[in-house]
Amino acid sequence: MGNKCRLIACEEAWTIPEVAAELQKVARSPTQSLDKLLVKGIYDADHDTSGYGKMNFLHGLLDVEEQRLPQMDEYGVDMHLLTLTAPGVQMFDADTATELAALANDRLAEICAKRPTRFAGLGSFAPHSPKRAAKEVERVMGELGLNGLIVNGHTNGDYFDDYRFWPIFEAAEALDATIYIHPRGPSDTLKGPLQDYAMDSAMWGYGVEVGTNMLRMMASGVFDRFPKLRICVGHMGEMVPFFIWRINFMNSRAQKVGRAPKTQRSMEEYFKDNFVFTTSGVEDPLALRYAIDRMGIDNVIWAIDYPYQPMKPAVDFIENFVCTDAERHALCHGNAERVFHIAPL
């Protein structure tokens, strides 16, 4: 490899005690949301009767300096882009969600200010209160000086093709703030056959949920209204890069017969122009090579998905990936610096 390449990991989960406490209440509530399985396993593990199993992630989510930073040093990770972990604030009522998003953003800004070369952060917001969310977007990118935004899939079953979310997109586009759409459990209208065999979350359901959101945004014309809006997704593009030819072809056919609205650009053009994606949780060199060759090196960013994924294998994966020096620098830090407004060294 020659000289060491700067490593910026761009989907690194984190939370605050107040959000964790509220999610414990959700875990003990009668909600039928598919997110409850994971929430109970992490935030109410001692009382988990779901069969999901105790998830030993909470300390890693709450920690920044005790374990996370020493591991970063050990494995040569220069920076974590911290993100309020799924389901964020989206399972709370709109008022509670708005208040806790602001509190989390304040804490995140403090962490980044304390160690500006080691941590950057994406601010959260409450999509179910779009006008207040738009104001928080402005605060995140202005007063707090954070690096972009994080949201978790659907909100109460609503996806981002809904015009009610436009105030958020208008603010994000105006401030060149990338919105990272992280998965959460599939909505009630999608969850049926995904509830068995651990298909509800990372194995399959998360990709289905975010991919559906992505396609609804592209097919509905959201990016005609907001042509400079940039969306980031994780997990090697949530399967969309590998299906984009067929998505593009079938959408063009649907437009011709009136089953989909006419859009100014094709689905593939929207994906290349308005989306970037990270490698988080997918350490497959064949998948990464395909993603680069199919979607372009400028659209792919390295990530770990800590603490849900261990650091060392993710670092080994990217350092041993066969690519040009230019590709490696783009993957490991250049694209992150550009997309998330991280100062180059």
*Would you say I318 and L288 make side-chain contact, with heavy atoms under 4.5 Å?*
yes
*Do Y180 and T278 have side-chain atoms, one donor and one acceptor, less than 3.5 Å apart?*
yes
*asked:* Could you work out, with salt bridge (Lys or Arg N to Asp or Glu O under 4.0 Å) as the rule, every residue matching D316, not counting sequence neighbours?
replied: K312
*Would you say M79 and L108 are hydrophobically clustered, going by side-chain heavy atoms of ILVMFWY under 4.5 Å?*
no
*Taking the side chain as every heavy atom from C-beta outward, state whether D78 and K4 have any pair of such atoms under 4.5 Å apart.*
yes
*Residues Q255, N251; criterion side chain to side chain donor-acceptor pair (under 3.5 Å); working and verdict*: CA-CA 6 Å; Q255 289 193 32; N251 176 258; 2.8 Å; yes
*Mind checking whether V276 and I292 sit in one hydrophobic cluster, side chains of I, L, V, M, F, W, Y counted as touching below 4.5 Å?*
no
*asked:* Quick one, V140 and L149 - any side-chain contact, counting heavy atoms below 4.5 Å?
replied: yes
*Between CD on residue E269 and CD on residue Q264, distance to nearest 0.5 Å*: 11.0 Å
_Could you work out, with side chain to side chain donor-acceptor pair (under 3.5 Å) as the rule, every residue matching R164, not counting sequence neighbours?_
D158, D162
_Any heavy-atom pair between the side chains of M218 and S266 that's under 4.5 Å?_
no
*P241 versus F277, closest heavy-atom pair with distance*: CG-CZ, 3.9 Å
*asked:* Can you confirm whether more than 12 heavy atoms, excluding those of R216, are under 6.0 Å from its CZ atom?
replied: no
*asked:* When you group the ILVMFWY residues by side-chain heavy-atom contacts below 4.5 Å and let the links chain together, are V137 and F165 in the same group?
replied: yes
*Hey, could you give me the CG/CG distance between L122 and L84, rounded to the nearest 0.5 Å?*
10.5 Å
*Which distance, rounded to the nearest 0.5 Å, do you find between the CG of L7 and the CD of E319?*
5.5 Å
_Pairs meeting criterion ring-ring contact (aromatic ring centres under 6.0 Å, His included) with involvement of residues 63-93, two or more places apart_ = H80-Y306
*Distance (rounded to the nearest 0.5 Å) between L146 CG and F340 CZ*: 12.5 Å
*Kindly indicate whether the side chain of R139, heavy atoms from C-beta on, has any atom under 4.5 Å from the side chain of E136.*
yes
*Give a yes or no on whether a salt bridge exists between E138 and K135, defined as a side-chain N under 4.0 angstrom from a carboxylate O.*
no
*Under the side chain to side chain donor-acceptor pair (under 3.5 Å) rule, collect the residues that match up with K228, sequence neighbours excluded.*
none
*Under a 4.5 Å cut-off applied to non-hydrogen side-chain atoms, are E12 and I304 in contact?*
yes
*Can you hop from M236 to I8 via hydrophobic side chains spaced under 4.5 Å?*
no
*Can you say whether the rings of F271 and F275 are parallel (under 30°), tilted (30 to 60°) or perpendicular (over 60°)?*
tilted
*asked:* For residues 110-122, which residue pairs pass the side-chain hydrogen bond (donor to acceptor under 3.5 Å, both in side chains) check, not counting sequence neighbours?
replied: E65-K114, E65-R115, D73-R118
*Does the gap between the ring centers of F160 and F169 come in under 6.0 Å?*
yes
*asked:* Can you pull out every ring-ring contact (aromatic ring centres under 6.0 Å, His included) where at least one residue sits in residues 94-144? Sequence neighbours excluded, please.
replied: none
*Which is it for R289 and E327 under the salt bridge (charged side-chain N to carboxylate O under 4.0 Å, His left out) test, yes or no, and what are the steps along the way?*
CA-CA 10 Å; R289 174 46 60 193; E327 287 175 331; 3.0 Å; yes
*V339 side chain reached by I301 side chain, heavy atoms, under 4.5 Å*: yes
*Just say parallel, tilted or perpendicular for the rings of W166 and Y163, cut-offs at 30° and 60°.*
perpendicular
*Honestly curious: do L61 and M91 fall in one hydrophobic cluster under the side-chain, below-4.5 Å linking rule?*
yes
*Test item: E238 and P183 side chains (from C-beta on) under 4.5 Å apart, heavy atoms*: yes
*To the nearest 0.5 Å, how far apart are CG in L34 and NZ in K36?*
11.5 Å
